[in-house]
Colleague: 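What follows is a single structure, and I will ask about it in a moment.
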Amino acid sequence: MDTVEVEGLRIRYQRTGQGPPLVLLHGAYEDSRIWRRQLDGLSDEFTVFAWDAPGCGGSDDPPQDFTGKDLADALAGFLREAVPVRPHILGLSMGSGIALEFYRAYPSVPASLLLASAYAGWAGSLPPEEVERRYAQVLAELEQPPEQFIPAWLPTLFTDRADPAAVQETSAIMADFHPSGMRALLNANAHADYRDVLPTIAVPTLLLYGTEDVRSPLSVAREMNRRIPGSTLVMIPDVGHMGAVEAPDAFNAEVRRFLRGVSAG
């Protein structure tokens with residue numbers, strides 16, 4: 001693990017490989033370890049960076065008044081310190097929201113966007129009552145030991161065909177979360193709405209979803225595709241929300257195919 005300091009926050013990250021830079025942004029309750037299969041599988045062709053977002057993994061917890069713009073600024077600082085040239089940015093679930101928040105503030109920086117299991121923010125993709133249900137759920141979970149609630153998350157992240165070892169690995173990563181850090185990220189992200197950002201996106205964009213994702217379902221995927229000009233929607237068959245973990249070979253192949261097309265273009 002490497003470390004940079006951004007706005008007084010220590011940000012830890014993994015870096016491997018050679019080639020165009022690909023920056024990976026993990027989801028909620030996760031850290032850079034969730035990207036093990038991408039760090040291994042894509043480093044033959046790309047320099048792959050996976051950060052621990054502020055409040056996650058080995059990174060410092062941000063203040064409780066941290067905002068979405070603060071998170072975008074933290075990512076911008078991380079990229080300035082760690083990534084030498086214009087990167088491709090791949091966000092998973094919450095990480096896709098961070099990517100959209102970043103694009104809103106820094107549209108000239110990404111070479112492309114890859115949004116996996118993405119929302120236009122919860123508030124931009126889900127009914128208001130579902131947004132409040134999810135917000136209240138996570139707030140309550142932050143007061144509980146992880147073994148009490150992480151098992152209930154897993155069926156919403158994976159299909160029942162997923163490799164049990166991969167599910168268990170994900171469970172262990174999620175259980176290692178920072179309560180204070182997750183609370184700050186939840187407050188920064190939970191009510192975000194990026195519908196205004198989507199039509200402004202002017203870089204190549206891949207939307208990558210599992211056909212059996214129950215958290216960001218097909219209706220969300222199609223609406224994202226409709227709103228982002230020229231975006232490419234790819235559905236991985238028989239896979240849930242965590243396609244990067246459940247079907248890494250298919251996921252990595254789609255990422256590689258898309259990025260080769262961007263380079264060729």
Side-chain angles (χ1 to χ4, degrees), residues 2 4 6 11-17 19-28 30-32 34-35 38-39 41-43 45-54 56-57 59 68-121 185 188-189 192 194 197-198 200-209 216 224-225 227-234 243-244 251-252 254-263 265:
D2 295 304
V4 296
V6 177
I11 304 293
R12 292 189 68 185
Y13 66 100
Q14 298 187 57
R15 170 182 174 164
T16 185
L22 172 62
V23 175
L24 309 178
L25 310 178
H26 61 79
E30 299 160 16
D31 57 49
S32 61
I34 208 71
W35 293 114
Q38 286 65 50
L39 288 158
L42 294 168
S43 58
E45 194 168 345
F46 305 96
T47 307
V48 186
F49 298 80
W51 80 337
D52 290 348
C56 303
S59 294
K69 178 60 163 57
D70 292 333
L71 195 51
D73 291 343
L75 178 56
F78 166 75
L79 295 176
R80 283 193 298 269
E81 294 291 330
V83 183
V85 296
R86 196 173 178 219
H88 305 285
I89 296 179
L90 193 171
L92 170 64
S93 193
M94 180 189 77
S96 66
I98 296 172
L100 291 170
E101 185 78 58
F102 179 77
Y103 189 87
R104 171 186 276 164
Y106 301 93
S108 65
V109 174
S112 71
L113 294 175
L114 302 88
L115 307 176
S117 305
Y119 311 92
L185 289 179
N189 282 315
Y194 299 116
V197 178
L198 303 185
T200 73
I201 294 175
V203 296
T205 301
L206 174 66
L207 301 170
L208 194 52
Y209 291 78
S216 48
M224 295 281 287
N225 184 218
R227 287 178 176 266
I228 299 175
S231 59
T232 299
L233 174 60
V234 173
F251 186 96
N252 292 353
E254 294 297 347
V255 169
R256 191 185 300 273
R257 181 179 298 113
F258 173 76
L259 292 178
R260 284 176 175 172
V262 171
S263 298

Colleague: Considering only heavy atoms from C-beta outward, does the side chain of Leu22 approach that of Leu24 to under 4.5 Å?
Modeller: yes
Colleague: Side chains of Val85 and Pro21, heavy atoms from C-beta outward: is any pair under 4.5 Å?
Modeller: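 A side-chain contact under 4.5 Å exists here.
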Colleague: Could you tell me the separation between the CD1 atom of Ile89 and the CD1 atom of Ile98, rounded to the nearest 0.5 Å?
Modeller: 11.0 Å
Colleague: Do you know which of Asn225, Thr205, Ile228 makes side-chain contact (heavy atoms from CB on, under 4.5 Å) with Leu198?
Modeller: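 In the set Asn225, Thr205, Ile228, the residue that makes a side-chain contact (heavy atoms from CB on, under 4.5 Å) with Leu198 is Ile228.
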Colleague: Kindly state each residue pair satisfying salt bridge (Lys or Arg N to Asp or Glu O under 4.0 Å) with at least one member in residues 74-98, sequence neighbours excluded.
Modeller: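 Checked against salt bridge (Lys or Arg N to Asp or Glu O under 4.0 Å) - neighbours excluded - no pair reaches residues 74-98.
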Colleague: Heavy atoms, side chains only, cut-off 4.5 Å: are Tyr13 and Ser32 in contact?
Modeller: no
Colleague: Would Arg15 and Thr47 satisfy side chain to side chain contact (heavy atoms under 4.5 Å, CB included), going step by step from the backbone distance to the final call?
Modeller: CA-CA 7 Å; Arg15 170 182 174 164; Thr47 307; 3.6 Å; yes
Colleague: Can Lys69 and Glu101 be counted as an ion pair, charged N to O under 4.0 angstrom?
Modeller: no
Colleague: Quick one: are Leu42 and Val255 in side-chain contact, heavy atoms under 4.5 Å?
Modeller: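 Yes. Closest side-chain heavy atoms under 4.5 Å.
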Colleague: Are side-chain N/O atoms of Asn252 and Gln38 paired as donor and acceptor at under 3.5 Å?
Modeller: yes
Colleague: For the residue pair Leu92 and Trp35, establish whether any side-chain heavy-atom pair is separated by less than 4.5 Å.
Modeller: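 Leu92 reaches Trp35 side chain to side chain.
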Colleague: Please walk me through it: do Val4 and Asp2 pass side chain to side chain contact (heavy atoms under 4.5 Å, CB included)?
Modeller: CA-CA 7 Å; Val4 296; Asp2 295 304; over 6 Å; no
Colleague: State, yes or no, whether a side-chain contact exists between Leu90 and Leu206 at a heavy-atom distance under 4.5 Å.
Modeller: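 Sidechains of Leu206 and Leu90: no contact.
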Colleague: Got Leu71 and Pro54 here, is their nearest side-chain heavy-atom distance under 4.5 Å?
Modeller: yes
Colleague: Could you pull out the closest heavy-atom pair between Tyr103 and Thr200, with the gap in Å?
Modeller: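 So the minimum-distance heavy-atom pair works out to OH-O, 3.5 Å.
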Colleague: Quick check: closest heavy atoms across Tyr119 and Ser93, and the distance to 0.1 Å?
Modeller: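 Reported closest heavy-atom pair: CE1-OG, 4.0 Å.
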Colleague: Please report the closest heavy-atom contact between Pro87 and Val23, naming both atoms and the distance.
Modeller: CB-CG2, 3.8 Å
Colleague: Tell me the closest heavy-atom pair linking Leu100 and Ala120, and the distance in Å.
Modeller: CD1-CA, 4.3 Å
Colleague: Please verify the inter-ring angle class for Phe49 with Phe78; under 30° counts as parallel, over 60° as perpendicular, anything in between as tilted.
Modeller: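 Answer is perpendicular, since the angle exceeds 60°.
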Colleague: Can I get a per-line list of side-chain donor-acceptor pairs under 3.5 Å for residues 104-116, giving both atom names and the distance, sequence neighbours left out?
Modeller:
residue, atom, partner, partner atom, Å
Arg104, NH2, Asp193, O, 3.4
Arg104, NH2, Asp196, OD1, 2.7
Arg104, NH2, Asp196, OD2, 3.3
Tyr106, OH, Asp73, OD1, 2.6
Ser112, OG, His88, ND1, 2.7

Colleague: Restricting to non-hydrogen atoms, name the atom on Ala118 and the atom on Ser216 that form the minimum distance, rounded to 0.1 Å.
Modeller: O-CB, 3.7 Å
Colleague: Please answer whether the main-chain N or O of Cys56 pairs with a side-chain N or O of Asp31 as donor and acceptor at a distance below 3.5 Å.
Modeller: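 Absent.
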Colleague: Tell me, do Glu45 and Arg260 make a side-chain contact under 4.5 Å, heavy atoms counted?
Modeller: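 Heavy-atom side-chain distance check passes, below 4.5 Å.
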Colleague: Write down the atom of Ala53, the atom of Ser59, and the distance for their closest heavy-atom approach.
Modeller: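 Minimum heavy-atom contact is O-CB, 3.5 Å.
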